[in-house]
Amino acid sequence: MTPVLIVLNAGSSSLKFQVFDMLDGAAPRLVWKGLYEGLGGSAHFLVKDTSGSVLDEMTWGSDDRFGHEQALMHLVSWLRQHQEGRELAAIGHRVVHGGEAFTRPVLVDEAVIQSLEALVPLAPLHQPHNLEPIRIVRRRLPGMPQVACFDTAFHQTQSEIASLFALPREMRERGVRRYGFHGLSYDYISSVLKDYDPRLAGGRVVVAHLGNGASLCALKDGVSIATTMGFSALDGLPMGTRCGAVDAGVVFFMLREMKLSPEEAERVLYTKSGLLGVSGISNDMRVLRSKAATNADAKRAIDLFVYRITREIGSLVAALGGLDGLVFTAGIGENDVATRAEVIAGLAWAGLTLDEAANRAGDPRISSGSGSTAWVIPTNEELVIARQTRSVLGGAQTKLAI
Ligand code: AMP
C-alpha cells in the first residue's frame with residue numbers, strides 16, 4: 001500500500017485539499033487536488049487530477065447543512081472509493097499563526113490545540129477556520145496523525161531588531177511583536193531559487209507574494225531577514241480587502257470619533273479596505289484591470305497597490321543592503337503582467353530593467369541587462385506542508401486504513 005497524506009487549507013466557507021503519495025525516498029507526489037466551497041450554504045465539491053482534468057464534482061443544496069465536518073468525511077470516503085492501493089497516513093494543515101511557541105511544524109495533540117486556540121486573537125479571521133478541521137479529525141478519525149504547519153514559522157530567522165515594535169517592554173513580553181506571514185509560500189520559493197539561478201539562493205532577494213493576501217519578504221542566503229506583515233495579517237501592503245499598514249491613530253479615530261465598536265473597526269480593516277475599499281468596486285485584480293482605463297476609482301486602487309509595493313521593496317532592499325533578485329508569486333504576482341511591469345518600472349534605481357516580451361510571455365525571467373534580475377515563480381504552499389508533515393512524522397509512516 002502507498003501511504004498518502006491529505007494537505008488541508010481551511011477558510012470560513014471553503015476547504016481546499018491536495019492529496020500526495022508519500023513514497024519512501026521520493027519527494028511527495030501530487031495525486032489529486034480540489035476544494036469544497038460554499039460550506040454552510042449551497043456547497044460544491046470539485047476534484048481534479050494532476051493534468052487539471054475534473055474527476056468528480058458534486059453540489060449540495062442549502063438545506064443539506066453541509067459544513068466543514070461533512071466535507072471532511074465526504075473527502076475521506078471519496079478517497080476510500082478511489083484509493084487504488086493507497087492508504088491515508090496523515091493529514092497536514094495550514095495554520096496561519098504559530099505565535100512564539102511554534103517555530104516549526106508540530107504533531108498535533110490536545111495541548112497543541114489549546115495553545116493554537118490561545119492565538120485566535122492574533123489572527124481572528126483565519127485561525128479559527130484553520131483549527132476547525134483539526135478538531136473534526138481528532139473527533140471523527142481518532143489516532144490519525146495530524147501536523148500543523150505555520151505561516152509564521154519561516155520568519156523565526158529574523159533578528160530581534162527586525163521583529164520588535166517600538167512599544168513598552170511589557171507588551172513585547174505579552175507577545176506583541178512582528179511575526180510575519182505567508183511563510184509557507186516563502187519557504188517554497190526559497191527552496192527552488194537554486195533551480196532558477198544559483199546566485200539567488202545565496203543572494204539578496206525580495207519575494208513579492210501578491211495574492212488576495214499580499215506581503216513581501218527579504219531573503220538573504222534563502223532565509224527571511226525582514227517582511228512587511230507584522231503582528232497580524234493586516235500589516236504591510238494593501239491587499240484584496242485588508243488595509244495594510246495604517247497609522248495606529250486611525251484606529252482610535254474609528255473608535256472614538258466614528259463610534260465603531262472594536263469588532264466593527266476590525267471588520268472594516270480586514271474586509272472592507274484594500275483594493276475593494278479604495279476602488280469601491282472589487283477586491284479582484286482582474287476586475288479592476290478590466291475597468292482601469294475608464295474608471296478612475298479602479299485605477300486609483302491599482303496605483304496605490306503598486307506604489308505601496310514599490311516603496312516597501314525599497315525598505316527591504318535597505319534591510320538587505322542591496323538587491324540581487326526580485327521574485328513575483330501568488331495570484332497577482334504570477335498572472336498580472338501590468339502589475340509586474342509597473343512595479344519594475346519603479347525600481348530602475350535598484351538596477352532592474354523589464355524584459356517586456358518575457359513578461360508578456362510569462363517567462364520565468366522577466367528582466368534584461370546585467371543588473372538585478374526579476375522572476376515569476378509559481379508558489380506551492382501545499383507541497384511545503386506535505387514536506388513538513390513528512391519530516392515531522394520522521395518518515396515513519398503510521399498507516400491507518402480508511
Ligand atoms: P490568490 O489569493 O493567490 O489566489 O490571488 C488572488 C488574486 O489574484 C485576485 O486579486 C485575482 O484577481 C488575481 N488574479 C488571478 N488571476 C489573475 C490574472 N490572470 N490576471 C490578474 N490578476 C489575477
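Both ligands and their constituent atoms are indexed starting at 1 by order of listing. We're numbering straight along the sequence, starting at 1.
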May I have the step-by-step check of side chain to side chain contact (heavy atoms under 4.5 Å, CB included) for Lys291 and Ile281, ending in yes or no? CA-CA 10 Å; Lys291 294 184 185 293; Ile281 299 170; 3.9 Å; yes
Who's closest to atom 16 (N) of ligand 1 heavy-atom-wise, of Asn212, Leu276, Asp284, Asn335? Asn335
Below the 3.5 angstrom mark, is there an N/O of Leu210, backbone or side chain, next to an N/O of ligand 1? no
For Thr339, state whether at least one heavy atom is located under 4.0 Å from any atom of ligand 1. no
Do Glu312 and Thr228 have side-chain atoms, one donor and one acceptor, less than 3.5 Å apart? no
Mutual orientation of the aromatic rings belonging to Tyr186 and His182 [parallel < 30°, tilted 30-60°, perpendicular > 60°]: perpendicular
Cation over ring face, Arg177 and Tyr179, 6.0 Å, 45°: yes
Is it true that, when you exclude Arg174 itself, more than 12 heavy atoms of the residues, nucleotides or ligands shown sit nearer than 6.0 Å to its CZ? no
Would you mind checking which non-hydrogen protein atom is closest to atom 10 (O) of ligand 1, with the distance to 0.1 Å? Met285 N, 3.1 Å
Identify which of Gly213, Gly331, Ala338, Gly240 has a heavy atom lying nearest to atom 3 (O) of ligand 1. Gly331
Counting heavy atoms only, which of Asn283, Thr329, Ile332 is nearest atom 7 (C) of ligand 1? Ile332
Ring of Trp32, cation from Arg86 - is the NZ or CZ under 6.0 Å from the centre and inside 45° of the axis? yes
With a 3.5 Å distance limit and no angle check, can you tell me whether Thr271 reaches the backbone of Val268 through a side-chain donor-acceptor pair? no
At under 4.0 Å between heavy atoms, is it the side chain or the backbone of Val287 that contacts ligand 1, or both, or neither? neither
Heavy-atom nearest neighbour in the protein, as seen from atom 20 (N) of ligand 1, with distance rounded to 0.1 Å: Arg286 CG, 3.6 Å
Check each atom of ligand 1 against the heavy atoms of Gly211 and keep those under 4.0 Å away; list them by number with element. 1 (P), 2 (O), 3 (O), 5 (O)
